[in-house]
Amino acid sequence: MYEGRRTLRRLPEGTPERRYEHIDVVPQGRIIGAEIRGADLSRPLAPALREELHRALLEWKVLFFRGAHLTSDEQRAFARAWGELETNPLLARGAAEDVARFEKGGTAAPTFENVWHADVTFRERPALGAVLQLREVPPVGGDTMWADMAAAYDNLPDGVKARVDGASAVHDFIPGFARFYDPEQLVPLQDAFPPVEHPVVRTHPETGRRTLFVNTSFTTHIVGMDRAESDRLLGYLVRQAHVPEYQVRWRWEAGDIAFWDNRATQHYAVDDYAPHRRVAERVAIAGDRPF
């Protein structure tokens, strides 16, 4: 880490700003995060509205919608406008097989929080994105933060870029999930989700941006490096998500929606609301193989 000015680019280099005709886009951060106003997510999206929402997603990486109050079916229908929905047998199920439910606080055991990560990078084809809705919010706390991993890559020293460009890393669900399962429960899950290799720096398939694609929850080591060297480099790389200039933070109200690009971001659920409850439901959109 270093002091001084960082390169902060919201758009790919050379991409001009364009007006939005169907939505109001209210920035929440310098390069990441925008609240969207004027879109009714409970109704089927007209093609022009869907196109503008998609452009906003690529430009801002995470979109927020205040007080949407969608039913599970409406939330699923909105997410399905971006592709096939993904199921995740590792998580508690909501109203449908492709809805994951997170009930935290109160008497619930703390799980899946306060660590920077991108979702399901242990899959051969990690999720394109996710649509999260808060059903119940604590009186204070329980925010979620997102980090722009294109900015994280842009600001790596040239020497580090030379080491990671073209490198691959192994991703495995075990570091993130093993502590929540008995050993006998892990065996079929390991068969379903064997370790996979992904590039340390992936190319976004739509914007062409280079994004840092390693995370604390699922990346175990860099291929071809001895373990000590890999651990040192991975430790440095995953800490890039901690830089405030790359982040946006959202303070939830019940019924809010966040829709993020999992290919370009990491996120962190802040666990500061015990003993109060926080209930969320998430729908994930199936992605493609990183390159």
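Every heavy atom of this structure was used, including side-chain atoms; hydrogens, water molecules and symmetry mates were not.
The only option from L189, V196, N88 that meets the side-chain contact (heavy atoms from CB on, under 4.5 Å) definition with F173 turns out to be L189.
Other residues, nucleotides and ligands contribute more than 12 heavy atoms inside 6.0 Å of the CZ atom of R80.
A distance of 11.5 Å separates CZ in R210 from OG1 in T207, rounded to the nearest 0.5 Å. Rounded to the nearest 0.5 Å, atoms OG1 (T265) and CD1 (I32) are 6.0 Å apart. Considering CG of L233 and NE2 of H221, their distance stands at 13.0 Å, rounded to 0.5 Å. Interatomic distance, E35 CD to I257 CD1, rounded to the nearest 0.5 Å: 13.0 Å. For the atom pair N215 CG and L237 CG, the distance stands at 11.5 Å (nearest 0.5 Å). One distance of note links CH2 of W146 with CE of M149; it measures 15.0 Å at 0.5 Å rounding.
Of the charged side-chain nitrogens involved, none lies within less than 4.0 Å of a carboxylate oxygen, so that R50 and E52 do not count as a salt-bridged pair. Comment: E17 engages R10 in a salt bridge, judged by a side-chain N to carboxylate O separation of less than 4.0 angstrom. Under the 4.0 Å criterion applied to side-chain N and carboxylate O atoms, E136 and R278 are not assigned as salt-bridge partners. A salt bridge links D288 with R202: at least one charged nitrogen is closer than 4.0 Å to a carboxylate oxygen. Using a cutoff of 4.0 Å between basic side-chain nitrogens and carboxylate oxygens, D119 and R282 are scored as salt-bridged. A salt bridge between D261 and K61 is absent, with no side-chain N of the basic residue lying under 4.0 Å from a carboxylate O of the acidic one. Between E229 and R227 there is no salt bridge, since no side-chain nitrogen of the basic residue lies less than 4.0 Å from a carboxylate oxygen of the acidic one. Of the charged side-chain nitrogens involved, none lies within less than 4.0 Å of a carboxylate oxygen, so that R30 and E245 do not count as a salt-bridged pair. Using a 4.0 Å cut-off between charged side-chain N and carboxylate O, E86 and R123 make a salt bridge. Here R18 does not pair with E59 in a salt bridge; the nearest charged N to carboxylate O distance is not below 4.0 Å.
H267 has its ring centre less than 6.0 Å from the ring centre of W260.
Note that K161 lies in the cation-pi zone of Y153, set by a 6.0 Å cut-off to the ring centre and a 45° limit from the axis.
Residues W116 and Q247 meet the side-chain proximity criterion, which asks for heavy atoms closer than 4.5 Å. Between L90 and Y181, the closest side-chain pair of non-hydrogen atoms falls below 4.5 Å. Residues W252 and T144 form a side-chain contact, since some pair of their non-hydrogen atoms from C-beta on lies under 4.5 Å apart. No side-chain heavy atom of S217 sits less than 4.5 Å from a side-chain heavy atom of F177. Residues F65 and L53 form a side-chain contact, since some pair of their non-hydrogen atoms from C-beta on lies under 4.5 Å apart. Looking only at side-chain heavy atoms (C-beta outward), W250 and D256 come within less than 4.5 Å of each other. Contact annotation: the side chain of D98 approaches that of R76 to within less than 4.5 Å [non-hydrogen atoms, C-beta and beyond]. The side-chain heavy atoms of V223 and V170, taken from C-beta on, include a pair separated by under 4.5 Å.
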Using the side-chain hydrogen bond (donor to acceptor under 3.5 Å, both in side chains) rule, take E281 and Q133 through it: C-alpha gap first, then chi angles, then the decisive distance, then the call. CA-CA 5 Å; E281 290 188 334; Q133 180 167 206; 5.7 Å; no
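No side-chain donor-acceptor contact under 3.5 Å links E197 and H171.
In terms of heavy atoms, A280 sits closest to L134 at CB-CD2, 3.9 Å. When all heavy atoms of Q240 and Y246 are compared, the closest pair comes out as O-CD1, 3.3 Å. The heavy-atom pair separating I31 from A151 by the smallest distance is CD1-CB, 3.5 Å. Closest of all the heavy-atom pairs between P195 and D172 is CG-OD2, 3.6 Å. Nearest heavy atom pair, residue H204 against residue A264, reads CD2-CB, 4.1 Å.
Using a distance-only test at 3.5 Å, with no hydrogens or angles considered, no donor-acceptor pair links the side chain of D143 to the main chain of V270.
Scored by the ring pair (Phe, Tyr, Trp, His ring centres under 6.0 Å) test, F259 finds F78, W82 as partners (sequence neighbours excluded). The side chain to side chain donor-acceptor pair (under 3.5 Å) test applied to R9 returns D154, not counting sequence neighbours.
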